[in-house]
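Comments concern the structure below.
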Number of protein chains: 2
Amino acid sequence: MAEPQWLNEDELRAWYAFVAAGALMNRRLDQQLKEDVGITHLQYEILVRLDAAKDRELRMSELAGALLNSKSGLTYQITQLEKAGLVARRSCASDVRAVYAGLTDAGRSMLERAAPGHVALVRELLIDVLTPGQLATVADGLGEVTRRMQESEAPR
Amino acid sequence: MAEPQWLNEDELRAWYAFVAAGALMNRRLDQQLKEDVGITHLQYEILVRLDAAKDRELRMSELAGALLNSKSGLTYQITQLEKAGLVARRSCASDVRAVYAGLTDAGRSMLERAAPGHVALVRELLIDVLTPGQLATVADGLGEVTRRMQESEAPR
DNA sequence: CCATCGAGGTTCAAATTTGAACCTGCCGGT
DNA sequence: ACCGGCAGGTTCAAATTTGAACCTCGATGG
């Protein structure tokens with residue numbers, strides 16, 4: 001069998017830059033959102049998806065698909081958000097099993113308060129650091145990376 | 001005050017590609033390493049750093065700096081790795097407070113077993129999906145992003 | 001119509017992560 | 001030599017995450 005194909009120096013640089021940037025970015029965003037408005041990055045993302053959805057609501061499974069965590073994790077987070085009054089569960093008429101999570105007015109207002117600071121930080125930490133060309137490359141390259149991973153997703 | 005500067009379409013694409021790729025990648029690597037050799041990606045990274053270090057050992061604080069998690073998180077992981085016999089703690093002669101974590105022979109052997117599959121997956125999911133040019137851009141761009149975040153690290 | 005399979009969510013226990021104390025012991029200033 | 005501050009790690013409780021088991025239905029093929 002062939003020797004494993006180790007990463008050369010450039011590949012290693014790219015790999016570590018990718019991993020480190022992701023981790024640091026997440027930490028920063030979490031921190032800022034927490035001290036700014038008291039929610040985590042994950043919760044913020046949930047609110048964003050709901051806000052963007054038709055009627056500002058989505059089924060749990062749709063949310064779980066868009067986000068990247070497990071079903072039970074989503075159940076937990078939605079419960080938290082519901083306790084905080086930012087989201088409300090509603091059962092589905094046509095399918096008794098299904099559950100919709102909908103953004104409440106408080107949730108919408110939270111989003112409005114959180115978004116400016118969040119976006120500004122994303123801009124400061126990522127967008128503004130890259131040239132437009134680099135940004136496009138990242139979008140294309142990592143977009144393709146993402147697409148492939150989603151396709152080959154081991155169906156759990 | 002100025003309207004918050006929202007992200008345009010390209011910026012949004014880049015941002016989401018970046019976030020999604022990071023999350024999916026981590027999930028995949030964790031899965032593979034776990035079912036392959038029974039360690040997490042984080043633990044793998046710890047072993048790698050130790051292996052690369054002089055005398056195959058590092059102080060806890062050095063490790064914590066290289067990795068991206070909290071001090072207590074590292075204590076926990078090192079304890080786990082020590083239970084598994086992959087790492088050994090050793091106290092420092094010159095500074096009683098300091099603790100060294102060193103790779104054991106079992107740890108080295110684990111790394112040798114884990115690395116080929118891990119590297120192959122990184123290659124398959126990221127490296128081989130990008131063109132050399134894209135790879136270089138990612139290394140440069142995200143490298144700079146990482147550097148800036150580390151510099152401006154709010155000293156905790 | 002009936003048995004099954006599988007989808008949609010939740011629950012539960014176990015593993016992990018985090019942040020805030022908390023100990024010790026190094027160090028600089030007085 | 002003595003004190004206050006801080007660096008290096010650990011501990012502890014609380015929050016989160018994960019995966020497996022479970023429950024309830026909807027859809028499908030006989």
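Convention: sequence-line order gives letters A, B, ...; per-chain numbering from 1.
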Checking B:Asn26 now: which residues fulfil side-chain contact (heavy atoms from CB on, under 4.5 Å) with it, not counting sequence neighbours? B:His41
In whole Å, I'd like the distance from the CD1 atom of A:Ile78 to the P atom of C:dG8. 16 Å
Is there side-chain contact between A:Leu121 and A:Leu29, with at least one heavy-atom pair below 4.5 Å? yes
According to the salt bridge (Lys or Arg N to Asp or Glu O under 4.0 Å) rule, which pairs have a member within residues 74-85 of chain A, sequence neighbours left out? A:Glu82-A:Arg89
side-chain contact (heavy atoms from CB on, under 4.5 Å) involving B:Val96 - partner list, sequence neighbours excluded: none
Given atom NZ of B:Lys34 and atom P of D:dT17, what is their separation to the nearest angstrom? 14 Å
Which residues satisfy the side-chain contact (heavy atoms from CB on, under 4.5 Å) test with A:Glu57, sequence neighbours excluded? A:Asp55, A:Arg90, A:Tyr100
What integer distance in Å separates B:Asn69:CG from D:dT17:P? 16 Å
Length of the CG-C1' vector between B:Asp30 and C:dT17, whole Å: 13 Å
Output all residues satisfying salt bridge (Lys or Arg N to Asp or Glu O under 4.0 Å) with A:Asp128, sequence neighbours left out; order by chain, then residue number. A:Arg123
What does nucleotides 8-16 of chain D look like as a protein-contact string, B for base, S for sugar-phosphate only, - for none, at under 4.0 angstrom between heavy atoms? SBBB---SS
